A.B. asks: 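Got a structure for you, written out below as structure tokens; questions coming shortly.
In this chain, residues are counted from 1 in sequence order. Since this is a predicted model, take the numbers as computed values, not measurements.
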Amino acid sequence: QVQLAESGGGLVQTGGSLRLSCAVSGGKISRYPMGWFRQRPGNEREIVAALSWGGGNTYYPNFVKGRFTISRDNAKSAVYLQMNSLKPEDTAVYYCAAHTMEVYDDAFVFSERNHYNTWGQGTQVTVSS
């Protein structure tokens with residue numbers, strides 16, 4: 001069974017950067033679309049980045065475009081989220097998510113929560129003003 005473990009969260013000042021990592025165990029992610037979500041206090045869990053299995057297609061909501069970058073290393077079974085120009089409103093628990101049903105078309109990028117069936121435990125990101 002595939003398991004996800006996030007790391008790299010922490011406290012950073014406004015304008016700073018963090019790189020989150022998602023380590024995958026129990027299986028390979030070669031054909032799995034992946035995503036990063038976040039949940040701010042009092043809010044629903046929302047997508048911040050998504051990536052096709054081959055890395056050829058991405059999705060970012062407008063509020064992170066130009067600041068966040070998702071990437072993956074299928075050989076290492078890892079997914080990353082580089083976050084730059086962080087703002088206090090980026091403070092949240094960040095979750096890695098996997099769509100653990102193989103797809104063979106690199107066009108598939110999933111932006112909705114219900115497309116993902118495997119989640120990590122989350123890592124806290126706090127941006128101070």
A.B. asks: Any disulfide bond (SG atoms under 2.5 Å apart) pairs touching residues 38-88, not counting sequence neighbours?
C.D. replies: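 As it turns out, there is no disulfide bond (SG atoms under 2.5 Å apart) pair with a partner in residues 38-88 once direct neighbours are skipped.
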A.B. asks: The criterion is side-chain contact (heavy atoms from CB on, under 4.5 Å); which residues satisfy it with S111, sequence neighbours excluded?
C.D. replies: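 side-chain contact (heavy atoms from CB on, under 4.5 Å) check on S111 returns Y59.
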A.B. asks: Which donor-acceptor pairs under 3.5 Å do side chains of residues 3-10 form with protein atoms, sequence neighbours excluded?
C.D. replies:
unit_1 : atom_1 : unit_2 : atom_2 : d
E6     : OE1    : Q121   : N      : 3.1
E6     : OE1    : G122   : N      : 2.8
E6     : OE2    : C96    : N      : 2.8
E6     : OE2    : G122   : N      : 3.3

A.B. asks: My understanding is that only residues two or more places apart in sequence, or in another chain, count here; which of them pass side chain to side chain donor-acceptor pair (under 3.5 Å) with N117?
C.D. replies: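 Checked N117 against side chain to side chain donor-acceptor pair (under 3.5 Å); matches are T100.
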A.B. asks: With sequence neighbours excluded, tell me which residues meet side-chain contact (heavy atoms from CB on, under 4.5 Å) with S85.
C.D. replies: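 Applying side-chain contact (heavy atoms from CB on, under 4.5 Å) to S85 gives R67.
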A.B. asks: Any disulfide bond (SG atoms under 2.5 Å apart) involving residues 98-129? Give me the pairs, sequence neighbours left out, ordered by first then second residue.
C.D. replies: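 Those involving residues 98-129 do not exist here.
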A.B. asks: Partners of E102 by side chain to side chain donor-acceptor pair (under 3.5 Å), sequence neighbours excluded?
C.D. replies: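 Checked E102 against side chain to side chain donor-acceptor pair (under 3.5 Å); matches are Y104.
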A.B. asks: Name all pairs fulfilling the salt bridge (Lys or Arg N to Asp or Glu O under 4.0 Å) condition that reach into residues 118-127, sequence neighbours left out, sorted by first residue then second.
C.D. replies: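 Found none.
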A.B. asks: What pairs of residues pass the disulfide bond (SG atoms under 2.5 Å apart) test when at least one of them lies in residues 99-129, not counting sequence neighbours?
C.D. replies: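 Every pair satisfying disulfide bond (SG atoms under 2.5 Å apart) with a residue in residues 99-129: there are none.
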A.B. asks: Using atom types as modelled, flag every donor-acceptor pair under 3.5 Å from a side chain in residues 30-38 to any protein atom, sequence neighbours excluded.
C.D. replies:
unit_1 : atom_1 : unit_2 : atom_2 : d
W36    : NE1    : Y80    : O      : 3.4
R38    : NE     : E46    : OE2    : 2.8
R38    : NH1    : D90    : OD1    : 2.8
R38    : NH1    : Y94    : OH     : 3.1
R38    : NH2    : E46    : OE2    : 3.4

A.B. asks: For S129 and T14, work out which heavy atoms get closest and say how close.
C.D. replies: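 Looking at all heavy atoms of both residues, the closest pair is CA-OG1, 3.4 Å.
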A.B. asks: Considering residues at least two apart in sequence or located in another chain, which fulfil the side chain to side chain donor-acceptor pair (under 3.5 Å) criterion with D106?
C.D. replies: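 In terms of side chain to side chain donor-acceptor pair (under 3.5 Å), with neighbours along the sequence ignored, D106 is linked to S52.
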A.B. asks: Among residues two or more places apart or on two chains, list those pairs meeting disulfide bond (SG atoms under 2.5 Å apart) that have a residue in residues 36-85.
C.D. replies: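 Not a single pair qualifies under disulfide bond (SG atoms under 2.5 Å apart).
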